[in-house]
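Notes follow once the structure below has been shown.
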Number of protein chains: 2
Amino acid sequence: MITLTEENYIKAIYHLGKQGRENVNTNALAEAMNTKASSATDMIRKLAEKDYANYKKYKGVTLTESGKDIAINIIRKHRLWEVFLVEKLNFTWDEVHELAEQLEHIKSQKLIDELDAFLGHPTHDPHGDPIPDKNGEFTFVEKIVLSQAQEHQTYSCLGVNDSSTEFLQYLNKNDIGLGSTIEVVHIEPFDKSINIKANGKLLTVSQSVAKNLYLKKL
Amino acid sequence: MITLTEENYIKAIYHLGKQGRENVNTNALAEAMNTKASSATDMIRKLAEKDYANYKKYKGVTLTESGKDIAINIIRKHRLWEVFLVEKLNFTWDEVHELAEQLEHIKSQKLIDELDAFLGHPTHDPHGDPIPDKNGEFTFVEKIVLSQAQEHQTYSCLGVNDSSTEFLQYLNKNDIGLGSTIEVVHIEPFDKSINIKANGKLLTVSQSVAKNLYLKKL
DNA sequence: ATATATTTTTAGTCTAATCTAAATATTTAT
DNA sequence: ATAAATATTTAGATTAGACTAAAAATATAT
């Protein structure tokens, strides 16, 4: 049986080590976990013993295949819950993260399979991050920010970079949400402001907005 | 901050002591928690210290008002999650309990308020037990079993007593579910078998079925 | 009413996850 | 290449929640 704390360390190693492939330093891990280096060392030892991690003293830690599987499964759960909270329970994009940190530890294969189906097998969460499928495969989507978009091209909104309340409220006001269709009508060479048609409505957005909106080409 | 274990003990005291009003013995509590009497004593001490419980050595334990509030809130969450799992995620009535035991500990007021609204403010869970509202008030509904029903009266299905897979499958096969309308057409005096019209369809059910189906008068 | 049985509490350990402080490796700078 | 700085590990303690075994209180039975 894997404990909640072990799961959280595994997740942190995964994120810090770029999908768990690169070595993660004890100090970096301790900081991510809001704990001390000595505690991180203890946990790394334990994870290595349970064969979730590869560890050589003073050389940092990576995840084993089974460690990665666990991490990916937690990420899948986290992101599916985020979609649920935003799409079904009226949460805003910035409210969901810490709640999903709790929900991701609920243990039930059927729950997560059914939730996935209930949500229509989403491939991305409200921040535009990909949701691994049942087999741990990520859907790769070329993600760009609006400021890198091309004139006359049509895109779909994947998520946001800045998830401040103000920015999300700005998007709401302009009817831009997950999956919104955005057509780049014109890019003003002078100040790089962008004329877009969002869900049919014309709108001019500034660079600072454009830098924080993730899109995929349609 | 209240721990998960504390919450579970409080819930057990609430259930064992008839809404936490009656004294609960250390041994009974230990058995309910699958632990030993000495552990229960330790926890009772702790709960009393935190003012969730009233405790006199050798005299058992009751809940304080704040302890009861906590218990009722956990029960509310548990039962709302059960409704969600059955109504939205295709769980059967007997699959939901242990999963709801995990979900009931998720901490977010907004989550539970929104879930409640999403489900249409249900008053009863899939087992026919009442769901306390936001203020901790239970909807009292006179709950009878089908075997006590009156001829020519119409009822609504509240839940089941026996939640074995076989029984639930029997009900599914006959299109009886939560909220189904059941009219008692005729009670056979010879063997007490009951002729009912369930969701429009005529059906004869035996006493053993009738004893396990909870109804409320319409 | 007293002995016996049962229940509850106490005392002392154990494990997981944390901490501080000290010791040891490794890295960096000269 | 060595000293200083930084990173990591070790050693020993702490806390929550559990355990066993023994002691103490309460309940039961004759």
Side-chain angles (χ1 to χ4, degrees), chain A residues 1-18 20 22-63 66-67 70-71 74 101-102 104-105 107, chain B residues 1-17 20 22-63 67 70-71 74 101-102 104-105 107:
Chain A
M1 209 30 215
I2 187 161
T3 69
L4 189 141
T5 312
E6 287 167 358
E7 285 192 349
N8 282 330
Y9 271 93
I10 288 172
K11 191 175 49 143
I13 295 168
Y14 184 89
H15 286 306
L16 290 171
K18 312 269 167 203
E22 292 174 17
N23 269 84
V24 173
N25 297 329
T26 305
N27 270 351
L29 183 56
E31 189 178 359
M33 292 300 298
N34 268 303
T35 182
K36 298 299 161 75
S38 53
S39 308
T41 301
D42 286 347
M43 183 54 80
I44 291 169
R45 278 243 154 72
K46 191 154 78 125
L47 294 177
E49 201 145 297
K50 290 190 170 189
D51 204 42
Y52 299 134
N54 305 115
Y55 171 57
K56 271 223 188 82
K57 265 199 203 180
Y58 296 102
K59 298 297 176 193
V61 62
T62 60
L63 292 179
S66 92
I70 288 168
I74 296 171
E101 298 262 288
Q102 291 182 62
E104 72 191 7
H105 299 291
K107 282 167 187 52
Chain B
M1 209 32 216
I2 188 162
T3 68
L4 188 142
T5 312
E6 287 167 358
E7 285 192 349
N8 282 329
Y9 270 94
I10 289 172
K11 192 176 49 142
I13 296 168
Y14 184 89
H15 286 306
L16 290 171
E22 292 174 17
N23 268 85
V24 173
N25 297 329
T26 304
N27 270 350
L29 183 57
E31 191 179 357
M33 292 300 298
N34 267 304
T35 182
K36 295 301 160 76
S38 52
S39 308
T41 301
D42 287 348
M43 183 53 81
I44 291 169
R45 279 243 154 72
K46 190 154 80 124
L47 294 177
E49 202 145 297
K50 290 192 170 189
D51 204 41
Y52 299 134
N54 306 115
Y55 172 56
K56 272 225 187 82
K57 265 198 202 180
Y58 298 101
K59 298 297 177 193
V61 61
T62 60
L63 292 180
I70 288 168
I74 296 171
E101 298 262 290
Q102 292 182 61
E104 72 191 8
H105 298 291
K107 281 167 187 53

A:Met1 CE to D:dA18 C1', straight-line distance once rounded to whole Å: 18 Å

Letter by letter from the 5' end, nucleotides 3-10 of chain C scores (B base, S sugar-phosphate only, - none; protein heavy atoms under 4.0 Å) ----SBBB

Main-chain N/O of A:Asp51 paired to A:Ser66 side chain as donor or acceptor, under 3.5 Å: yes

Are any non-hydrogen side-chain atoms of A:Ile2 and A:Tyr52 less than 4.5 angstrom apart? yes

From OH of B:Tyr9 over to C1' of D:dA16, roughly how many Å is that when rounded to an integer? 11 Å

For atom CE of A:Met43 and atom C1' of D:dT9, their distance in whole Å: 16 Å

For the pair made of NZ in A:Lys36 and P in D:dA7, what is the distance, rounded to whole Å? 15 Å

Identify whether any heavy atom of B:Thr35 sits under 4.0 Å from a base atom; if not, whether one sits that close to sugar-phosphate; answer base, sugar-phosphate or nothing. sugar-phosphate

I'd like to know if the side chain of A:Asn8 and the backbone of A:Met33 have a donor-acceptor N/O pair within less than 3.5 Å. no

Can you name the residues that form a salt bridge (Lys or Arg N to Asp or Glu O under 4.0 Å) with B:Glu22, not counting sequence neighbours? none

Kindly give the heavy-atom pair with the smallest separation between B:Ala37 and B:Asn27, and that separation in Å. CB-OD1, 3.4 Å

Whole-Å distance, A:Leu29 CG to D:dA7 P, equals 15 Å

Separation of C:dA16 atom P from A:Glu7 atom CD, nearest Å, is 16 Å

Counting only heavy atoms not in A:Gln102, do more than 12 fall under 6.0 Å of its CD? yes

